[in-house]
Engineer: 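Encoded as structure tokens, here's the structure I'll be asking about.
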Amino acid sequence: MNLRKLTYSLGAVLLSAIMRPADVHSQELNCSVEINADNISGSEHVFENLQQAINDYMNTTKFTSAQFSPNEKIECRLFLTVREYADDVIKGDLQVQSTRPVYNSSYTTTLINLKDTKIEFSYQEHEPLVFSETTMESNLTAILNFYAYLILTVDFDSFSSRGGQEYLDRLSTIVQLAQSAGETGWKAFEDNRNRWAIMNAFQDPSTESVRDMIYTYHRRGLDEMSVGPDKGRATITRSLETLRQINQKQPMSVVLNMWHDAKLDELINIYSKGSQSERDDVYDLLTTLYPTDQGRLNDIKNPPATR
């Protein structure tokens, strides 16, 4: 059973039920793609073609055997900023974002919001992007596959306990293939935020508990807040202890940065209606993890509405 269905209204389910079978088993992602190459002159057509090629790849490739109706597609975004372009080699930064709906509400929560600063690949205009589960067709498709499966892993983990394991396994295969090719951004211990570091953090015994936190925070916390705000928020508070434990074992882990970038603003909003003791506890925990954000986190301890 696809537990993602739990977040959709009865009307949406009925709509999907009357659609053609080919639509019901559609691709998994609804991915917005944008490329900013303002600093590169004279090659606008190349980047227009590349943007369309990536858009088509992310939105037509069937990455899983899971059944998705159109209204269940995962909302995500890729924003590539090109820094350098010479001899068909593109270097830049890639912002990756994904969201998921919260049960019985109009609210969507951010699951992933990360920036990959080690994007480098070769691309010739009109070059076809070919998907393969067993071979590395190009570094570009390897990068796209990596983030597609990361999005799937985190999304499925948020609906069922470690529900994204199948996609995490594929993530590991992609990293292994890319490492064999010697491309930038995949090497073990190259830095603590590259693609290998992300994959490893979801598998390392000292940090893989973040996957359980993803489930508890979203399915047992956010999804429950529509019927029991205090109960849901209390569950979120307990789940945050996982961050403290990870910080004690691996203070440089990329998952701490990923959680910061995806969730800090949301946490400030969640605790605006919490009890003072709850706000104090969460403030103390988060300022330990993210001391440079103390100014922003003050809004947890002392929400603007209470000042």
Side-chain angles (χ1 to χ4, degrees), residues 25-31 33 35 46-47 49-68 73-74 76-80 82 84-96 98 112 114 116-157 162-191 193-204 254:
H25 304 294
S26 63
Q27 193 266 358
E28 308 88 351
L29 306 180
N30 184 22
C31 187
V33 178
I35 295 178
V46 174
F47 298 112
N49 179 265
L50 175 61
Q51 178 172 303
Q52 186 61 53
I54 294 175
N55 182 81
D56 292 344
Y57 187 86
M58 295 298 288
N59 288 292
T60 62
T61 300
K62 193 78 169 67
F63 292 101
T64 78
S65 60
Q67 298 179 2
F68 280 68
K73 287 191 175 188
I74 301 171
C76 53
R77 180 174 184 258
L78 302 181
F79 186 89
L80 174 63
V82 179
E84 300 178 33
Y85 176 57
D87 300 324
D88 296 329
V89 175
I90 294 171
K91 297 181 182 180
D93 303 329
L94 181 66
Q95 191 77 31
V96 181
S98 73
I112 296 174
L114 64 83
D116 187 331
T117 62
K118 298 194 176 297
I119 298 297
E120 181 177 340
F121 58 87
S122 297
Y123 176 76
Q124 294 181 342
E125 189 172 9
H126 302 300
E127 175 184 338
L129 303 186
V130 179
F131 174 73
S132 173
E133 292 187 21
T134 58
T135 61
M136 181 173 172
E137 296 297 314
S138 70
N139 196 42
L140 172 56
T141 56
I143 292 169
L144 298 178
N145 292 346
F146 178 88
Y147 285 114
Y149 283 115
L150 178 64
I151 289 167
L152 286 159
T153 297
V154 176
D155 188 89
F156 273 75
D157 275 1
R162 305 208 178 194
Q165 186 61 50
E166 175 184 350
Y167 313 119
L168 181 59
D169 292 341
R170 296 192 193 183
L171 207 65
S172 181
T173 299
I174 293 165
V175 172
Q176 292 172 8
L177 290 170
Q179 285 180 334
S180 299
E183 298 281 3
T184 300
W186 303 98
K187 300 173 185 175
F189 307 108
E190 179 182 45
D191 67 41
R193 295 195 186 189
N194 72 352
R195 293 180 286 279
W196 173 85
I198 294 171
M199 180 275 299
N200 185 65
F202 279 74
Q203 296 181 327
D204 190 303
V254 66

Engineer: Please find the pair of heavy atoms, one from E127 and one from S122, that lie closest to each other, and give the distance.
Structural biologist: OE1-O, 4.2 Å
Engineer: Taking all non-hydrogen atoms of both residues, which atom of K187 and which atom of W196 are closest, and how far apart?
Structural biologist: O-CB, 3.8 Å
Engineer: Nearest 0.5 Å, please: how far is CZ in F156 from OG1 in T64?
Structural biologist: 6.0 Å
Engineer: Going by an N to O cut-off under 4.0 Å, is there a salt bridge joining E28 and K62?
Structural biologist: yes
Engineer: Would you give the length of the straight line joining atom CD1 of I35 to atom CD1 of I54, rounded to the nearest 0.5 angstrom?
Structural biologist: 4.5 Å
Engineer: Using modelled atom types and a 3.5 Å cut-off, is there a donor and acceptor pairing between side-chain atoms of Q95 and backbone atoms of F79?
Structural biologist: no
Engineer: What is the distance from atom CE of M136 to atom CD1 of I174, rounded to the nearest 0.5 Å?
Structural biologist: 10.0 Å
Engineer: Without hydrogens or angle criteria, can the side chains of D116 and Y147 be said to hold a donor-acceptor pair below 3.5 Å?
Structural biologist: yes
Engineer: If every non-hydrogen atom of C76 is compared with every non-hydrogen atom of L29, which pair is closest and at what distance?
Structural biologist: SG-CB, 4.1 Å
Engineer: Just how far is it from atom OG1 of T60 to atom CZ of F131, taken to the nearest 0.5 Å?
Structural biologist: 11.0 Å
Engineer: Do side-chain atoms of D157 reach the backbone of G163 as a donor and acceptor pair under 3.5 angstrom?
Structural biologist: yes
Engineer: Go through the steps to decide whether L50 and F121 satisfy the test side-chain contact (heavy atoms from CB on, under 4.5 Å), and finish with yes or no.
Structural biologist: CA-CA 12 Å; L50 175 61; F121 58 87; 4.0 Å; yes
Engineer: Report yes if some heavy atom in the side chain of L129 is under 4.5 Å from a heavy atom in the side chain of T61; otherwise report no.
Structural biologist: no
Engineer: Minimum heavy-atom separation for N59 and N55, please, with both atom names.
Structural biologist: ND2-O, 2.9 Å
Engineer: Locate the shortest heavy-atom distance separating A197 from N194; write the atom from each residue and the value.
Structural biologist: N-OD1, 2.9 Å
Engineer: Short question: side chain of S172, backbone of L168 - any donor-acceptor pair under 3.5 Å?
Structural biologist: no
Engineer: Can you see which heavy atom on E166 is nearest to which on S65, and at what distance?
Structural biologist: OE2-OG, 4.5 Å
Engineer: Answer yes or no: is there a donor N or O on one side and an acceptor on the other, between the side chain of Q27 and the main chain of M58, under 3.5 Å?
Structural biologist: yes
Engineer: Starting at CG of L78, measure out to OG of S98 and round the result to the nearest 0.5 Å.
Structural biologist: 10.0 Å
Engineer: Does any donor atom in the side chain of Q165 or D169 lie under 3.5 Å from an acceptor atom in the other side chain?
Structural biologist: yes
Engineer: Within the side chain of D87, is there an N or O that forms a donor-acceptor pair under 3.5 Å with the backbone of V89?
Structural biologist: no
Engineer: Do T135 and E137 pair up side chain to side chain, a donor and an acceptor below 3.5 Å, judged on atom types alone?
Structural biologist: yes
Engineer: Main chain of F63, side chain of Y149: is a donor-acceptor contact present, judged purely on distance under 3.5 Å?
Structural biologist: yes
Engineer: Does a sphere of radius 6.0 Å around CZ in R170 hold more than 12 heavy atoms from other residues, nucleotides or ligands, not counting ones at 6.0 Å or beyond?
Structural biologist: yes
Engineer: Hey, does I198 have a side-chain heavy atom less than 4.5 Å from the side chain of F146?
Structural biologist: yes
Engineer: Applying the side chain to side chain contact (heavy atoms under 4.5 Å, CB included) criterion to I119, which one of L80, D93, N139 satisfies it?
Structural biologist: L80
Engineer: Answer whether the closest heavy-atom distance between the side chains of L171 and F202 falls below 4.5 Å.
Structural biologist: no
Engineer: Show, in sequence, the C-alpha distance, side-chain angles and deciding distance for R193 and L114, and conclude whether the side-chain contact (heavy atoms from CB on, under 4.5 Å) test is met.
Structural biologist: CA-CA 10 Å; R193 295 195 186 189; L114 64 83; over 6 Å; no
Engineer: Could you give the distance from CG (L177) to OG1 (T173), rounded to the nearest 0.5 Å?
Structural biologist: 6.5 Å
Engineer: Where do V33 and Y57 land on the side-chain contact (heavy atoms from CB on, under 4.5 Å) test, with the steps shown first?
Structural biologist: CA-CA 10 Å; V33 178; Y57 187 86; over 6 Å; no
